[in-house]
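Okay, structure first, notes after.
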Amino acid sequence: MMPGTRYPPMVIWAARDIQRHCGRSMLLFACLASLVFLTAMALLFSQALDATWERLMDQAPDLVVRRIDGGGWAPLPVDVAMACAKKIPGVIDPTPRLWGVVPGPEGPVTVVASIAVVPESMLKGIPPPSAGQAVVGQGVARALSGGRLSLGSNHSVTVSVIHTFPADTGLATHDLVWMTPDDARPLLGLVPGQASDLAVHLFRREEERAIQADLAAAFPWPVRITDRSTSALNHHTRAVRSGGIAVVAGIPALLALLLIITGTVVDNTARQAYWGLLKSMGWTTADMVRLQVSRAMIVGIPAVVLGLASAYAAVFYPPAAGITAFWVTGGQHLPALTLVSSGAAMVMIEIAAMVGLPFLAAVFLTTLRAADGSPWTLLQADPWN
Amino acid sequence: MELNAGLVCRGLNFRWPGKNADEPPVLEAVEAVFAQGTVSLVTGNTGSGKSTLMHLLAGLLHPTAGEVWADGQPVSRWPSRHRDPWRRQVGIVFQHLALIPDLTVGENLLLPMIPRPITWSRMQEEIRRQLEDAGLSALADAPTNTLSGGQRQRLAIARALVARPRFVLADEPTAFQDDHHAARICAQLCDIAREGAVVVIGSHDPRLRSFDGIDRRFHLASATLTGAAVNQGAP
Amino acid sequence: MIWHPLTWAFWVAAATGGLLYATGAVQAVDVMLNWTPAHADIDQLRRERHAESAALLGHWALGFLTAAALLGLVGVALVWHRMVPGAMCGTGVLQAMGTDGSRAMIFWGVSLLILHGWRVLDGLDVQRPQGVLTRTGARLMISAAPFFLLAVFYSWQALMRVETVPTVSCCAAVYDRVLSGASESAALKSLAAICLWFSLAGGAALLALMVLKIRFPDRGSGAMPAIIAVLWSFAATVALKQVGSAYYYQVLSHPCPWCLFLPDYYGAGFFIFGGVAVVVMESIAIWLADRTRRRYPVLAGPAGKRIQRSAWGIVTAMIGFTMLALGPAIAWRLRTGVWLNGSP
Amino acid sequence: MYRPFAEKNYRYPAPCRGARRLLIIAITASMLLGIATAADLLRRIAHQDDGASAWMRTMNFSAPALWTAGSPMRHPETVHPGVDLRFSAGLVTAP
């Protein structure tokens, strides 16, 4: 094939037109790429946060049953609670949990103790803590001095840290102190035979709401039941809301800037004579729109791709990801995020709609305004007269 | 009047918009047939309305009254979305040439070809042919603003002819040419006409008046077009 | 939901499309009121430019508004249910939106259908320079305005309602409908059966008509295929919901059309209902082209070609619809030897 | 040296070489960037954070550790229905 024949002539001519007005095209490219970068970064961040939450929340128990009394939360007798929960059809695998929040050296930490034995396949080299020992998350490990950790205020417990949870488990273990039940109980104010609460899994997750009333009635004391889907909904709502707020806060101003720049680039009165000349040679207004849209695409597609790729790097690649997290969360440390392909596709669709459509409309409207005249009138705007 | 052949003016009137009704019109009751396969010369003094007539024939201006028919179709009545693409059949040489100075010679010739449904290679072939005819082959890559006046005019004519138009409207096509090149341009226009095109030349160049390739001569004066056939043997 | 980025994407697309449409409609008003093709005065020249701009604007507006409608559909079917407590699919979202959601969808559909009709007429009008359909086209384009305004109004209402919605239960909504109809189950069953058989018979008739239209575009009525297609679309939707969808869900009764859009069922709803939409749109194109052919002999040629093109579109869409709607049922029957309800 | 494209290009009177080069650069750069990003995305999806999920499941955590310990989002089960959490520290304003 002869070189050049693989592209439609209109597209080649659009590229030639870009060459003729290189500075303006570069300005448009920069403006569009930065607009896409800012929009996509906020959207990708919220999408990734949402995907991460969803993935992790999928592992959470369907229901958590806590005993309440006049003073607030009360310890749960394990045997009674297990027996009551097992009576309800659809409940599988009720598990008492020993956990609580206690003051650590640099703020609160989450103390957990596993009553059951953690399977070897999970541990992957992490030694389970013995009495007086603890395994801690990355966030807690940073505050350690001399490998010992003092927790609690009234009933202080000091344990030696024998291991740190790997960084790739940070989404679950960042603030964790894992110790034996015997070490944990004094800290949490529990006696043997008591648990903090009861985690319940269901045979059918869809029954999450329906089963709550039966479950609550089965216990001999008042209980408060929280469900997984409410937490998941809260997380999801926060993620998309914060993404939406970021978009709403920054985008209109940038969009206005884009429209102005597009208008300046496309609608140049000095080009009116050019449009008139083209019309006198048989170009139609639709041809000119096609030319300008091709031109906008040649500049716009690489700009959009560059903006998206930069946003992707800014969200997922350290150290850029750290800067992004610092910027968008106001200094919170965020562990590595994950993304699902459907989430990425949704971000692409949203970017196309929020940036691509107004950009194309601006190109179209300004071209139409400039070229929609009689060819003779347009020709008169020219220096050759 | 035969409306099916070539370009036909029927009762053509033109008055600039915004002018008073009592001022004389630019063109009044113009009746003319520019037949297929002929070369017609419209002469007249400067400001007599030759360029306006050319622009009316090309559909760039709209007649105040009357019609322009092309191949049996009232093109001057057509709405713009039909008249604009119809202009692909028209090759027009502007008096002011209207070349794009920062484009090369070859690229200026590319302009009328772009919206046509032909391949890139075919476009390049047509441009090459036209450059050879205009004697500009060596200057294909030269920016237009480096050409001499005569070369620029030959380029404007080449641009009008490059897409093999049905109707060629040339306004003062020999203004910047020496005798040799003027004769060559006339011969080129005659060749186009012999291939079946309608060629209308608007000029007050005395060299054209004596050129024997002209089939019909018209004279425009006081907004009225008068004329007669010269070469009866024309097809 | 108001903060959901897809909601913003929807509104940006709708606003941009609305701006293009409004600009085009304003120019079309001048064309509709004062179009005088026999005149050559300055006003008529301006109107000619307006007609050309309005046509370009209309085409772009249709594209943008279609994109907005698709974004809204994606939102309802795939995305927004995660923001509505208790919702599992589009049924829950529509339940949260109340009647405003359904109204918005209807008005979006009508607006796009009218603009599609305008597009057909404009496509025919542009084939000949006489401009015989220019005024009609302008009128049709403007007539979409009230429906579009209502679509935007109800979309806003619906999305605002979702913001404060209590917990919904979309599965319960579907099953409630089944249970409340239990007493009339015989009537429901017979309705489903009637719809199934009408959709099969109507589909066959429509296919036969389309084959005739492809061969003889200048013969026969254009209204008949349009009427059959519209009735068929209702019957096919009911039959799909009551009978065909069960083979996707592989449960005896879950008459929910929105679950078909979910990724669990490969987004089949988009293709199935897209096929129905194509059939309705192209049948209307046939009707309009046939009317044009009869009224304006100058456009008989282009109208005939348009009829043929639309007929091919309907045939393709119906084949796609049939394969997607009946394919799982036939596969089930071949695999198990019985239909889902146990009948051999 | 035989240079087929250069010779063929030379035959064109209006080759628009720069424009074609610009097109090639735009298309190639877009494709490369797109493919690189898509490949990284696929790699990322294939190696999701399985470790964190496994510990979530094993320890029966109700929420991931994306907030400070003790905050209501970190421990949703501790939120009493009677407490109105108008002010919630942490990731409230984070996207």
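The sequence lines fix the lettering, A, B, ..., with proteins before strands; numbering per chain opens at 1.
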**OP:** Locate the shortest heavy-atom distance separating A26(D) from I298(A); write the atom from each residue and the value.
**Re:** CB-O, 4.1 Å
**OP:** Can you tell which part of L33(D) gets under 4.5 Å to a heavy atom of chain A, answering side chain, backbone, both or neither?
**Re:** both
Subject >> Atom group of L43(A) that falls short of 4.5 Å from chain D, counting heavy atoms >> reply: neither
Original post:
Distance from L41(D) atom CG to Y312(A) atom OH, nearest 0.5 Å?
Top reply: 4.5 Å
Original post:
For chain D, which of H201(A), M57(A), R228(A), R97(A) has the most heavy-atom pairs under 4.5 Å?
Top reply: R97(A)
Subject >> Exercise: identify the closest heavy-atom pair between S53(D) and Q59(A) >> reply: O-CG, 3.6 Å
Original post:
For V11(A), is it the side chain, the backbone, both, or neither that has a heavy atom closer than 4.5 Å to a heavy atom of chain D?
Top reply: both
Original post:
Can you say whether L63(A) sits under 4.5 Å from chain D via the side chain, the backbone, both, or neither, judging by heavy atoms?
Top reply: neither
**OP:** Could you tell me which portion of A309(A) (side chain, backbone, both or neither) has an atom closer than 4.5 angstrom to a non-hydrogen atom of chain D?
**Re:** both
**OP:** Work out which heavy atom in A52(D) is nearest to a heavy atom in A172(A); give both atom names and the distance.
**Re:** O-CB, 3.4 Å
**OP:** Taking all heavy atoms of Q19(A) and all of G18(D), pick out the closest pair and write down the distance.
**Re:** NE2-CA, 3.3 Å
**OP:** Could you pull out the closest heavy-atom pair between W13(A) and C16(D), with the gap in Å?
**Re:** CZ3-SG, 4.2 Å
Subject >> From CA spacing to verdict: side chain to side chain contact (heavy atoms under 4.5 Å, CB included), V112(A), W55(D) >> reply: CA-CA 12 Å; V112(A) 292; W55(D) 279 101; over 6 Å; no
Original post:
For T95(A), is it the side chain, the backbone, both, or neither that has a heavy atom closer than 4.5 Å to a heavy atom of chain D?
Top reply: side chain
Original post:
Is it the side chain or the backbone of V64(A) that comes within 4.5 Å of chain D heavy atoms, both, or neither?
Top reply: side chain
Original post:
Between D197(A) and chain D, which part of the residue has a heavy atom less than 4.5 Å away: side chain, backbone, both or neither?
Top reply: side chain
Subject >> Which portion of S62(D) sits near chain A, non-hydrogen atoms under 4.5 angstrom >> reply: both
Subject >> Between SG on residue C22(A) and CG on residue L22(D), distance to nearest 0.5 Å >> reply: 8.0 Å
Original post:
Roughly how far, to the nearest 0.5 Å, is CE of M56(D) from OG1 of T169(A)?
Top reply: 12.0 Å
Original post:
Within a radius of less than 6.0 Å around CE of M348(A), do more than 12 heavy atoms belonging to other residues, nucleotides or ligands occur?
Top reply: no
Subject >> Heavy-atom closest contact (A15(A) atom, A19(D) atom, distance) >> reply: CB-O, 3.4 Å
Original post:
How about T37(D) and L308(A): do any of their side-chain heavy atoms sit closer than 4.5 Å?
Top reply: no
**OP:** Would you check if T173(A) and M59(D) make a side-chain contact, meaning some heavy-atom pair closer than 4.5 Å?
**Re:** no
Subject >> Under 4.5 Å from any heavy atom of chain A - which part of I25(D) >> reply: neither
